[in-house]
Number of protein chains: 2
Amino acid sequence: MTSTRQAPRLLTRSAGTPLWAQLLADLRERLVTGEFVDAFPGELALVQEYGVSRHTVREALRHLRTEGTVTAARGRKPRLGPAEIEQPLGALGSLFAAVESAGIEQRSVVRALDIRQDGTVATRMLLEESTPLVYLERVRLAGDEPLALDRVWLPADIARPLLDVDFTHTALYTELLVHCGLRLTGGREQVRAVLPTRGERALLHVPPTAALLAVERTGCLHGRPVEHRHTLVRGDRFAVTAQYNGREIALSAGHAGARGPAPERSRS
Amino acid sequence: MTSTRQAPRLLTRSAGTPLWAQLLADLRERLVTGEFVDAFPGELALVQEYGVSRHTVREALRHLRTEGTVTAARGRKPRLGPAEIEQPLGALGSLFAAVESAGIEQRSVVRALDIRQDGTVATRMLLEESTPLVYLERVRLAGDEPLALDRVWLPADIARPLLDVDFTHTALYTELLVHCGLRLTGGREQVRAVLPTRGERALLHVPPTAALLAVERTGCLHGRPVEHRHTLVRGDRFAVTAQYNGREIALSAGHAGARGPAPERSRS
DNA sequence: GACCGGCGATTGTCCGTACATTAGTCTCGT
DNA sequence: ACGAGACTAATGTACGGACAATCGCCGGTC
């Protein structure tokens with residue numbers, strides 16, 4: 001008992017479950033305890049601590065690493081959390097990314113940027129009804145055509161710096177990162193079909209016979225909701241697409257068939 | 001040159017890329033050639049063929065296995081394709097699954113089941129315009145309420161057995177598996193917002209002020225399109241939801257807010 | 001012909017070792 | 001004080017061996 005701990009932690013060598021699985025389970029337990037919040041042990045440390053070979057340790061760690069629970073790389077100390085924090089896009093983000101990559105200039109008309117209270121929205125973000133919220137309302141233009149009506153609420157205590165930002169040309173997520181140090185880690189999106197109100201029809205320049213896609217999005221930071229968004233997209237020009245191979249799903253968004261809803265619809 | 005081939009296939013031992021990556025790339029090439037359609041080599045065979053250790057082979061195979069490209073298990077010979085063929089659900093499948101799991105009885109009214117030609121649909125399935133297609137049109141009911149109008153096209157050469165099936169209570173995928181031995185392995189779904197035509201309004205019992213979700217789906221079997229589906233869902237009662245954590249996306253579908261589109265919409 | 005057992009093939013698990021590569025740190029010299 | 005370089009620590013890559021568990025097949029027996 002010279003240095004660390006060398007009592008082999010509870011690994012039953014002749015149980016039905018493989019050693020690496022027991023090790024993985026034990027690490028999971030210790031993870032939720034918060035034992036590793038500031039330092040995750042390296043492979044060799046685990047080898048000594050559990051008395052198994054590095055191969056076994058790596059087999060267990062492989063799961064945690066592909067999961068994104070811990071991160072490893074040559075030379076670096078192991079850390080918690082995924083290596084590259086990818087901004088979750090969802091249908092909404094990929095829609096604007098698609099417009100961007102098509103070479104179309106994007107612009108926004110800011111219709112409101114202030115602090116409000118909204119019980120309904122606050123409730124959906126699991127906040128007190130009276131919580132002050134930063135409210136941003138924009139009409140997003142692709143080229144000259146209105147593309148979407150975008151409304152965002154964020155808790156004022158973290159998003160207050162955004163009040164001074166000019167949102168006509170920048171994306172919210174960029175500003176959120178720059179001014180508030182926030183980077184969303186997850187979220188939830190719900191897509192519905194709705195009819196525009198008269199005011200929305202005017203804002204989006206849509207004919208009265210058009211349907212809209214209503215995307216309601218809640219962005220989360222480590223599970224805590226920090227953004228609620230309600231976006232109306234011209235459903236006649238854009239669509240949400242999901243592509244899957246039985247194992248993975250990829251969301252994207254882009255032009256809906258430009259030739260109208262669908263040729264075969266006229267038949268019934 | 002006694003048995004198999006023992007010329008070490010082109011693995012540059014001092015290239016920048018790891019050995020297992022080269023091996024993986026080479027296997028991928030040989031896979032698309034169709035070389036392994038009826039037999040994928042075992043680990044030891046690859047060890048001999050490429051002249052690397054089993055560890056390296058396993059590292060390369062690990063990717064193909066987690067991908068689902070090949071399947072391995074103790075005792076069994078390695079095979080192509082994923083171990084358990086999961087029926088890809090997408091928004092559509094999960095919608096009906098959600099209704100089912102809510103304990104609501106599902107029923108369908110079959111409006112058409114025959115063989116047709118449709119150039120537009122055939123083109124989208126990458127088939128000849130004149131290809132005969134099995135056509136199935138149903139109104140799907142959840143309880144007593146119409147839920148969706150569902151139109152499916154399948155190539156007649158593989159789907160002809162379906163002409164004798166009674167589709168009022170069974171799911172298409174079940175029958176496709178039972179009668180045709182087909183199980184979809186991937187697909188693509190596109191969701192748009194549309195307005196119903198008068199006929200569709202009557203079929204679905206929707207008020208003239210409602211918008212619909214138009215889901216267009218192409219189901220694939222090993223990359224080849226074998227199903228084209230066009231479904232109109234009452235958008236006032238159901239929505240598509242995507243939940244993601246930056247790494248994985250989960251699609252689901254269910255009731256849209258029953259209290260109307262969204263409370264905050266009335267404000268603008 | 002049907003059932004049962006043995007046997008080989010194949011992958012899963014586990015151990016050991018060695019060296020390469022990289023990031024961060026620490027020291028040393030200027 | 002500051003920069004360059006050496007050093008350490010950590011993972012990545014790659015090799016080797018051994019045994020266990022399982023499936024499928026073949027054959028023998030009843």
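Every chain is numbered from 1 and lettered A, B, ... according to where its sequence line falls, protein lines coming before strand lines.
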Check whether any side-chain heavy atom of B:Phe40 lies under 4.5 Å from a side-chain heavy atom of B:Leu61, and answer yes or no.
yes
A:Leu64 CG to D:dT11 P, in whole Å, measures 13 Å
Decide yes or no, distance alone: a donor-acceptor N/O pair under 3.5 angstrom between the base of C:dT10 and the side-chain of B:Arg58.
no
In whole Å, what is the span from the CD atom of B:Glu43 to the C1' atom of D:dC23?
15 Å
For C:dC15, take OP1 and OP2 only and decide whether either is under 4.0 Å from a side-chain N or O of A:Thr56.
yes
Please determine whether a side-chain nitrogen or oxygen atom of A:Arg65 lies at a distance below 4.0 Å from atom OP1 or OP2 of D:dG12.
yes
Is any side-chain heavy atom of B:Trp20 closer than 4.5 Å to one of B:His63?
yes
Euclidean distance, atom CG of residue A:Leu46 to atom C1' of D:dA9 [Å, nearest integer]
15 Å
So which protein nitrogen or oxygen atoms get under 3.5 Å of nucleotides 21-23 of chain C's nitrogens or oxygens?
from   : atom 1 : to      : atom 2 : distance (Å)
C:dT21 : O4'    : A:Arg74 : NH1    : 3.2
C:dT22 : O2     : A:Gly75 : N      : 3.3

In whole angstrom, what separates A:His55's NE2 from C:dA18's P?
18 Å
Is there side-chain contact between A:Glu59 and A:Leu19, with at least one heavy-atom pair below 4.5 Å?
no
Measure CZ/B:Arg13 against C1'/D:dG12 and give the value in whole Å, please.
16 Å
Between B:Phe40 (CZ) and C:dT10 (P), how many Å, whole number?
13 Å
Quickly work out the B:Arg62 CZ to C:dT11 C1' distance and round it to whole Å.
13 Å
Check every atom of D:dG12, D:dT13, C:dC15 against the side chain of B:Trp20 and return the nucleotide holding the closest atom.
D:dT13
Do the non-hydrogen side-chain atoms of A:Tyr50 and A:Thr56 ever get within less than 4.5 Å of each other?
no
Using only modelled atom types and a 3.5 angstrom limit, is any donor from either the side chain of A:Arg54 or the base of D:dT13 paired with an acceptor on the other?
yes
Looking only at heavy atoms, what is the nearest atom pair of B:Leu113 and B:Val165, with distance?
CD2-O, 3.7 Å
Quick check against the 3.5 Å criterion: does A:Gln22 have a side-chain atom that pairs as donor or acceptor with the backbone of A:Thr17?
yes
Salt bridge flag under 4.0 Å for residues A:Glu49 and A:Arg30:
yes
Figure out the CG/P separation between A:Leu44 and C:dA18, and round it to whole Å.
14 Å
Per atom distances to the B:Pro78 side chain, the nearest of C:dC15, D:dA10, C:dT10 is C:dT10
Closest-nucleotide ordering on DNA chain C, the 5'-leading residue of A:Thr17 and A:Lys77
A:Thr17
